[in-house]
2 protein chains.
Amino acid sequence: MPPPAQQGHVPVTLKDVAARAGVSISTASNALTGSRAVSAVSVERVLSAAAELGYQKNEAARTLRTGLRNAIGLVVPDVTNPFWGGMVSTIDRIAAESGFHVALTNTEFTPQRETAALARLVSRVDGILLFSTHPTGSAVRPLLDLGIPVVACDEAFELDGLGGVYSDNEAGARAAASHLVDAGGSVFGILEGPATLTTAQQRARGFRQGLQERGVLTTDIHAATAEYSFEGGRQGIRRLLAENPAIDAIFACTDNQAIGGIFEAMDMGRTIPDDLLVCGFDDISWSSRIAPSLTTLRQDAEGMATRAADMLLEMITVGGEPSVQVFPVELVARDSTRRGAGGESPVTSL
Amino acid sequence: MPPPAQQGHVPVTLKDVAARAGVSISTASNALTGSRAVSAVSVERVLSAAAELGYQKNEAARTLRTGLRNAIGLVVPDVTNPFWGGMVSTIDRIAAESGFHVALTNTEFTPQRETAALARLVSRVDGILLFSTHPTGSAVRPLLDLGIPVVACDEAFELDGLGGVYSDNEAGARAAASHLVDAGGSVFGILEGPATLTTAQQRARGFRQGLQERGVLTTDIHAATAEYSFEGGRQGIRRLLAENPAIDAIFACTDNQAIGGIFEAMDMGRTIPDDLLVCGFDDISWSSRIAPSLTTLRQDAEGMATRAADMLLEMITVGGEPSVQVFPVELVARDSTRRGAGGESPVTSL
DNA sequence: CTGAAAGCGCTAACAG
DNA sequence: CTGTTAGCGCTTTCAG
């Protein structure tokens, strides 16, 4: 009968396992990793020795030797927002399937935390998935020079050697403009996002372009800047409507803003969609739940997260080349822009 | 003039820095870490050499030598749910302040992913914050035996040596019962959670107790099991109301369920709160946004996350003892249980 | 205050 | 198929 399994705080090393199995350290290692042929008997003995001792591979030692950390860094602005939360969930699942773990940093939109996270991650992960809110080359260039694969996601980031996975924000926003004109809008408000966010810039630009194409005059377009949040939307729309009471159609850069805006507008006595049309961007799950349900541009969050994770893992494991991929978005028309008749939710791909 | 800074994929080691600074490796190390007194001149030379070469400390080597990983594992069921998302955000902030990074795993409520995550985390982190949905000692006991600090959070988990941070679920649910009776409920429905979740058990038990204390007969209490999600709530309430149309008050174990339930009930033609009173649990941000706003039991998510992270970091860094801490919850009465007059949102601490 | 050297646990040559 | 051995880069004795 074998002695009792190793307990307590003294770590069990490969040496212990080898000794108990009566083989050399390298045979024990190879039996465990399978990187070299080992006789069935030895494998069996090593495996049971490891199990009896409760052996746990020391990842730090393996990393030091091989240079592989089996970890990816994930830098996002706000996991509380279901748009990013869902992507985090997808990425975590894919990483886990490949045996990678995810080192998460939530920056809360601050450049300091983003920069700090990047610096901290350098020597701890094999690659980084970056949802940047302050895309400065100076923080990312060094990573690339160090040979660390980086894939930017959601927020566009132009840099040589950087992978990218984005939505077609401009096309989506143009479609929003056209849809709001069709729905009966005549004086327009834009709830823009913070200036550092490329998604905010692209969506605002696309929306203006779209209105212009439909012949709307610049004097009938008003804008306010607001945080990418429910509260940001409330405040933004309050300012917008206070300064320009004639506004009868609003485009918000995110659903969170749009929903905050809807609630604020209703509190101000507006009726949606009759007094005010509202269109968001993202299609978070809550958008179809609130009343009135929110017309929005659906991003393929799942698809983008999957592509970004796959691209990064390929860059890490087989030296895959970074590429830039743009995902189409689709207009989901709901009650917030549907005057008169109710009905189903038609979806238009762009 | 010094040669150009090191670029490219060849990693810069401490040896390189020491050579360039003209000091020994140990002096370079001490200059960087400050663990031993070093002359001002040497410090200066080492620091500038490190900066010029773009030196990045190799964390794996440091970990191998010191045994410190400066990482905590965070295992949660669903980051998409703002209740957990918010806690993840808080924990990440606190960890980052102490120089720790967070290895996140999203289990999506599956025991396999939880077990796998725990196994993968053992040799990669200094401690684990566990939001378990399948609290089995067999997965956690080994971690404790290995000397890895573990703090359970949200879902109660009884095990020697395990830290714990929980809400007082029973007291909260009792308060919900009393509140629903006061609000005019007479036939009650419970939207229970999955049986493996201790929060679900505690809340259901507390609610039944509370009803009993108020003299409600067992025959007037009906229950259905549902996932902790919006869709789970929809389905659960549909079954509940189909089988027991007399139900006029519902207690859901989570706000997500409650909100799904409200929407489903309204789709079924019920008016809330007049036909049906609804009370949730959590107080996620959306609960105050929907119409009718949701009466619920507010958990101190921020406080719990802070306490859990602090406790874990103390256990890791100064050998702090694990303890079990229960946070009070408070009833937030809103429109979903307020028949007749509208008004503000009174809050009752328990 | 500084340097030389040991060694953390593992993998991957390099011999058998 | 197996064993011996040389480090991966760092921190930390141990000697000056």
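Chain letters run A, B, ... following the sequence lines, proteins first, then strands; residues in each count from 1.
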For A:Asn70 and C:dC10, what is the distance between atoms CG and P respectively, to the nearest whole Å? 15 Å

Pairwise distance OG1(A:Thr306) to CE(A:Met87) - rounded to 0.5 angstrom: 8.5 Å

I need the A:Phe83 CZ to A:Asp154 CG distance, nearest 0.5 Å. 4.5 Å

Who are the side chain to side chain donor-acceptor pair (under 3.5 Å) partners of B:Arg120, not counting sequence neighbours? none

For the atom pair CG (B:Leu32) and OH (B:Tyr55), what is the distance rounded to the nearest 0.5 Å? 6.0 Å

Would you mind building the protein contact string for nucleotides 3-9 of chain C? One character per nucleotide, 5' to 3', B for base within reach (heavy atoms under 4.0 Å), S for sugar-phosphate only, - for untouched. BB-BBBB

Where chain B begins and ends its contact with DNA chain D, read 5' to 3' at 4.0 Å from heavy atoms: D:dG9 to D:dC14

By side chain to side chain donor-acceptor pair (under 3.5 Å), which residues pair with B:Ser39, not counting sequence neighbours? B:Ser42

Can you classify the ring geometry of B:Trp84 versus B:Phe109 as parallel (below 30°), tilted (30 to 60°) or perpendicular (above 60°)? perpendicular

Do A:Ser132 and A:Glu155 pass the side chain to side chain donor-acceptor pair (under 3.5 Å) test, and can you show the C-alpha distance, the side-chain angles, and the key distance before you say yes or no? CA-CA 6 Å; A:Ser132 178; A:Glu155 292 287 336; over 6 Å; no

How would you label the contact of A:Thr33 with the nucleic acid (heavy atoms, under 4.0 Å): base, sugar-phosphate, or nothing? sugar-phosphate

Enter the inter-axis angle for the ends of the helix from C:dC1-D:dG16 to C:dG16-D:dC1 (five pairs per end, rounded to 10°). 40°

Interatomic distance, CD1@B:Ile91 vs CE@B:Met304, rounded to 0.5 Å, equals 10.0 Å

Please name all residues satisfying side chain to side chain donor-acceptor pair (under 3.5 Å) with A:Ser29, sequence neighbours left out, ordered by chain then number. none

Specify the closest pair of heavy atoms between A:Ala28 and A:Ala18, including all atoms of both residues, with the distance to one decimal. CB-CB, 3.9 Å

